[in-house]
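Here the structure comes first, spelled out in structure tokens, and everything after it is commentary.
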Amino acid sequence: MYQKQTIGIIGGISPMSTAVYYSRMATEFNAMMGGLNYPRLVLSSVNMADIHNAQIQKNHKEALRIFINAITDMPSADFILIASNTMHRVVRGLKTFVDRDILDIRDVVAKEVLHKGYQKVLLLGSKYTMEGRFYREYLQERGLEVVIPSEDDRLLLNSLIYDQLCRGDVNEEGNQLVQGIVEQVAKENGAEAVVLACTEFSLLKQDFCIPSLDSTALHVKAAIEKAISY
């Protein structure tokens, strides 16, 4: 067994979660391969401010341009990971412009939810992820019921992500905020599990009242398996 494909990661959204991707990928690969084996990968890190501004202005063409350039910068990568849940909104557009496979985090998450047998899940992420159609509809099209927090809680979560977690500010207050929101929504809407559809949420304690699915961990595991088994 050996690595057959080189992994390409588009990172920088944020640097904190990109570091988690790299460290977890190294750990996961080494656990599978043993010895001093670590994954062969390339990273193209984009400027998060450019991406965030494009989101605010709803300039999807600019976001798409940035990602096309990032993939162009990784000619040796056989397939691509976008180290961000929110920016999977550009995947459909990317597939019309690039000739390499993109390992879609939504597909990885959906397969795990179905494998676990959950039918109703709470989707947590940035407000762009929770309110946008690109993530919820992807899960709904696979027969899943998706609920999201109230508008006030969505704003609190978005602030936690962009004002704290993306800057490396991880604290107990943030942990308790997310735990409280999960508990409330699970109680009110009967969610069976929570999808942590924000890569920065992997930095938090995941001590919830219902099972959690960490999109980052699932994405990393799927990438290693794909690189080895292709």
remark   = Tightest non-hydrogen contact, residues Arg154 and Pro149, listed as NH1-O, 2.8 Å

request  = Indicate, with yes or no, if Phe29 and Tyr2 share a hydrophobic cluster defined by side-chain heavy-atom contacts under 4.5 Å among Ile, Leu, Val, Met, Phe, Trp and Tyr.
outcome  = no

query = If you take all heavy atoms of Ala26 and Pro39, which pair is closest and at what distance?
reply = CA-CD, 3.7 Å

key: Side-chain ion pair, Lys187 and Glu183, N-O less than 4.0 Å   = no

key: Salt bridge Lys205-Asp207, side-chain N to carboxylate O under 4.0 Å   = no

inquiry  = Between Ser215 and Asn85, is there a side-chain donor-acceptor contact under 3.5 Å, judged purely by atom types and distance?
reply    = yes

task = Working to the nearest 0.5 Å, report the span between CG of Asn158 and CG of Leu155.
result = 7.0 Å

task = Count the heavy atoms of every other residue, nucleotide or ligand shown that sit under 6.0 Å from CZ of Arg92, and state whether that count exceeds 12.
result = no

key: Separation between OG1 of Thr129 and CD1 of Ile161, rounded to the nearest 0.5 Å   = 7.5 Å

Of Val178, Leu196, Val182, the residue whose pairing with Gln206 passes side-chain contact (heavy atoms from CB on, under 4.5 Å) = Leu196

note = CG of Asp107 to CD1 of Ile102, rounded to nearest 0.5 Å, is 12.5 Å

Residue pair Thr199 / Val20, side-chain heavy-atom distance below 4.5 Å = no

message = Between Tyr162 and His52, is the ring centroid distance below 6.0 Å?
response = yes

key: Evaluation steps, side-chain contact (heavy atoms from CB on, under 4.5 Å), between Ile228 and Ile224   = CA-CA 6 Å; Ile228 291 173; Ile224 295 300; 3.7 Å; yes

inquiry  = Run Ile10 and Ile71 through side-chain contact (heavy atoms from CB on, under 4.5 Å) and show every step you take.
reply    = CA-CA 7 Å; Ile10 302 177; Ile71 293 174; 3.7 Å; yes

pair Val195-Leu122: side-chain heavy atoms closer than 4.5 Å = no

note = side-chain contact (heavy atoms from CB on, under 4.5 Å) filter on Asp73, not counting sequence neighbours, yields Ser44

ask   = So do the side chains of Glu145 and Val121 get within less than 4.5 Å of each other, counting heavy atoms only?
value = no

ask   = Is the CD atom of Glu151 crowded by more than 12 outside heavy atoms at less than 6.0 Å?
value = no

query = Hey, are the side chains of Leu204 and Val170 touching, using non-hydrogen atoms and a 4.5 Å cut-off?
reply = yes

task = Measure the shortest side-chain to side-chain distance between Met25 and Ile9 over non-hydrogen atoms and say whether it is less than 4.5 angstrom.
result = yes

message = Is there a side-chain contact between Leu144 and Tyr118 in this structure, where contact means two heavy atoms from C-beta onward sitting under 4.5 Å apart?
response = no

key: Spacing of Arg167 atom CZ and Ser14 atom OG [to the nearest 0.5 Å]   = 10.5 Å

key: Tyr138 side chain near His88 side chain, heavy-atom distance below 4.5 Å   = no

query = Would you say Glu200's side chain and Met16's backbone share a donor-acceptor pair under 3.5 angstrom?
reply = no

Inter- and intrachain pairs under side chain to side chain donor-acceptor pair (under 3.5 Å), touching residues 58-68, at least two apart = Glu62-Arg65

ask   = How would you list all residue pairs meeting side chain to side chain donor-acceptor pair (under 3.5 Å) that involve residues 25-39, not counting sequence neighbours?
value = none

Non-hydrogen side-chain atoms of Pro211 and Lys116 separated by less than 4.5 Å = no

ask   = Would you call Asp214 and Arg24 a salt bridge, using N to O less than 4.0 angstrom?
value = yes

remark   = For Asp101, the side chain to side chain donor-acceptor pair (under 3.5 Å) test, sequence neighbours excluded, returns Lys226

message = Can you list everything that forms a side-chain contact (heavy atoms from CB on, under 4.5 Å) with Gln184? Sequence neighbours excluded, please.
response = Asp153, Glu188

task = Quick one: pull up CD1 in Ile7 and CZ in Arg40 and give me the separation to the nearest 0.5 Å.
result = 8.5 Å

task = Would you name the heavy atoms of Val108 and Ala222 that are closest together and state the gap between them?
result = CG2-CB, 3.8 Å

query = Taking everything shown except Glu173 itself, do over 12 heavy atoms lie less than 6.0 Å from its CD?
reply = no

ask   = Is it true that a side-chain atom of Arg106 and a backbone atom of Leu139 form a donor plus acceptor pair closer than 3.5 Å?
value = no

note = Nearest heavy-atom approach of Thr86 to Phe134 is O-CZ, 3.3 Å

message = Set out, in order, the CA-CA distance, both residues' side-chain angles and the distance that settles side-chain contact (heavy atoms from CB on, under 4.5 Å) for Val147 and Lys120, then state yes or no.
response = CA-CA 8 Å; Val147 295; Lys120 188 174 186 178; 3.7 Å; yes

request  = Would you indicate whether Gln140, at its atom CD, is surrounded by more than 12 heavy atoms from other residues, nucleotides or ligands within a distance under 6.0 Å?
outcome  = yes

task = Over all heavy atoms of both residues, which pair between Asp78 and Thr6 is shortest? Give the atoms and the distance, please.
result = OD2-N, 2.7 Å

Residues which pass ring pair (Phe, Tyr, Trp, His ring centres under 6.0 Å) with Tyr135, listed by chain and number, not counting sequence neighbours = none

ask   = Is there a donor-acceptor contact under 3.5 Å from the side chain of His219 to the main chain of Asp104?
value = no

key: Gap separating the OG atom of Ser126 from the CD1 atom of Ile13, nearest 0.5 angstrom   = 11.5 Å

note = Shortest non-hydrogen pair, Glu225 vs Ser229, comes out as O-OG, 2.5 Å

Test log, rule side-chain contact (heavy atoms from CB on, under 4.5 Å), inputs Thr216 and Tyr21 = CA-CA 7 Å; Thr216 301; Tyr21 261 82; 3.6 Å; yes

query = Would you find a donor on one side and an acceptor on the other, under 3.5 Å apart, between the side chain of Gln5 and the backbone of Phe79?
reply = no

